[in-house]
Amino acid sequence: MIENKLYLKSSVFGSGIGIVFGALIGAITGALSVSWNGVLFCAAAGGLLGVFTGAFTGSLVVRTAGHTGGVSIGAYTGMLFGAFFGGVLGIFIPASFRANVAALDILILKVLTQGWFETAVLLSFLVAILGTIVGAWVGGRNLKGRNYKQ
């Protein structure tokens, strides 16, 4: 019963952290488009993606780190899950979206969204950053101190 509460608490906390940092990472990435619409769109997409990434990462950190793993186990769990989750999502970005980004005629965006592989790697990297932040925070929050008797 206590573990179920920890899963729920960590998932809700992770989704809250995920939406904040996902929107921040999305807005920074959207700034590459040099347009206010790009910043807003990417911030909204990052926040939406952050909710799911944060909730999944929070529950995975409880599974891998529990009360004794701490920040490092949480960060590595979030990093691994974020890279996998972002890569899977990046594969399904439609070609029409990539074509619209290429139409902006900004060199760095053309390179990052040239094909499905480049887009998957970019999204994998960005979601891995988000997962690392959420995992470290949740793992540190769940850590219980130990009493050492000497």
Side-chain angles (χ1 to χ4, degrees), residues 3-67 69-143:
E3 286 296 317
N4 289 338
K5 288 183 182 179
L6 186 61
Y7 275 106
L8 181 63
K9 182 177 83 167
S10 296
S11 293
V12 170
F13 182 72
S15 65
I17 295 295
I19 194 169
V20 170
F21 283 100
L24 181 64
I25 291 170
I28 292 169
T29 305
L32 291 172
S33 70
V34 194
S35 72
W36 186 244
N37 287 336
V39 172
L40 290 177
F41 175 77
C42 288
L48 181 65
L49 186 60
V51 170
F52 296 110
T53 303
F56 293 146
T57 301
S59 63
L60 276 174
V61 168
V62 172
R63 181 77 173 136
T64 58
H67 288 296
V71 175
S72 295
I73 301 296
Y76 287 124
T77 300
M79 189 184 307
L80 181 67
F81 172 71
F84 175 74
F85 188 54
V88 168
L89 291 178
I91 291 171
F92 295 109
I93 299 291
S96 61
F97 179 77
R98 291 195 317 265
N100 286 340
V101 171
L104 292 173
D105 200 29
I106 298 171
L107 181 62
I108 188 70
L109 292 178
K110 279 185 176 180
V111 170
L112 292 175
T113 59
Q114 192 171 22
W116 65 267
F117 178 76
E118 290 85 358
T119 307
V121 169
L122 173 66
L123 200 58
S124 177
F125 174 70
L126 294 175
V127 178
I129 292 171
L130 178 62
T132 304
I133 293 169
V134 171
W137 210 319
V138 170
R141 187 170 186 245
N142 291 341
L143 182 64

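Because only heavy atoms are used, hydrogens play no part in the values below, and waters and symmetry mates are left out as well, while side chains stay in.
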Donor-acceptor pair, [X] side chain versus [Y] backbone, under 3.5 Å?
{"X": "Ser124", "Y": "Ala83", "result": "yes"}
{"X": "Ser10", "Y": "Tyr7", "result": "no"}
{"X": "Ser15", "Y": "Val12", "result": "yes"}

Under 4.5 Å between any side-chain heavy atoms of [X] and [Y], yes or no?
{"X": "Arg63", "Y": "Thr77", "answer": "no"}
{"X": "Glu118", "Y": "Arg98", "answer": "no"}
{"X": "Val62", "Y": "Asn142", "answer": "yes"}

Quick check: closest heavy atoms across [X] and [Y], and the distance to 0.1 Å?
{"X": "Leu104", "Y": "Leu109", "result": "CD1-CD1, 4.0 Å"}
{"X": "Gly38", "Y": "Ser33", "result": "CA-OG, 3.4 Å"}
{"X": "Ser11", "Y": "Ala55", "result": "OG-O, 3.4 Å"}
{"X": "Cys42", "Y": "Gly26", "result": "CB-O, 2.9 Å"}
{"X": "Gly70", "Y": "Ala65", "result": "N-CB, 4.3 Å"}

Heavy atoms from other residues, nucleotides or ligands near CZ of Phe85 exceed 12 (cutoff 6.0 Å):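 Yes.
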
Phe52, CZ atom: more than 12 neighbouring heavy atoms under 6.0 Å: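 Count not over threshold, so no.
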
Test side chain to side chain contact (heavy atoms under 4.5 Å, CB included) applied to Leu89 and Leu49, step by step: CA-CA 10 Å; Leu89 291 178; Leu49 186 60; 3.2 Å; yes

Parallel, tilted or perpendicular: ring planes of Phe41 versus Phe97, cut at 30 and 60 degrees: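 Tilted: the ring planes of Phe41 and Phe97 meet at 30° to 60°.
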
Leu6/His67 under side chain to side chain contact (heavy atoms under 4.5 Å, CB included): CA gap, chis, key distance, verdict: CA-CA 9 Å; Leu6 186 61; His67 288 296; 3.6 Å; yes

Approximate separation, where rounding is to 0.5 Å, of [X] [atom1] and [Y] [atom2]:
{"X": "Ile133", "Y": "Thr53", "atom1": "CD1", "atom2": "OG1", "result": "11.5 Å"}
{"X": "Phe125", "Y": "Thr29", "atom1": "CZ", "atom2": "OG1", "result": "9.0 Å"}
{"X": "Thr113", "Y": "Ile108", "atom1": "OG1", "atom2": "CD1", "result": "10.0 Å"}
{"X": "Phe13", "Y": "Thr57", "atom1": "CZ", "atom2": "OG1", "result": "13.0 Å"}
{"X": "Ile106", "Y": "Leu112", "atom1": "CD1", "atom2": "CG", "result": "11.0 Å"}
{"X": "Ile28", "Y": "Phe21", "atom1": "CD1", "atom2": "CZ", "result": "10.0 Å"}

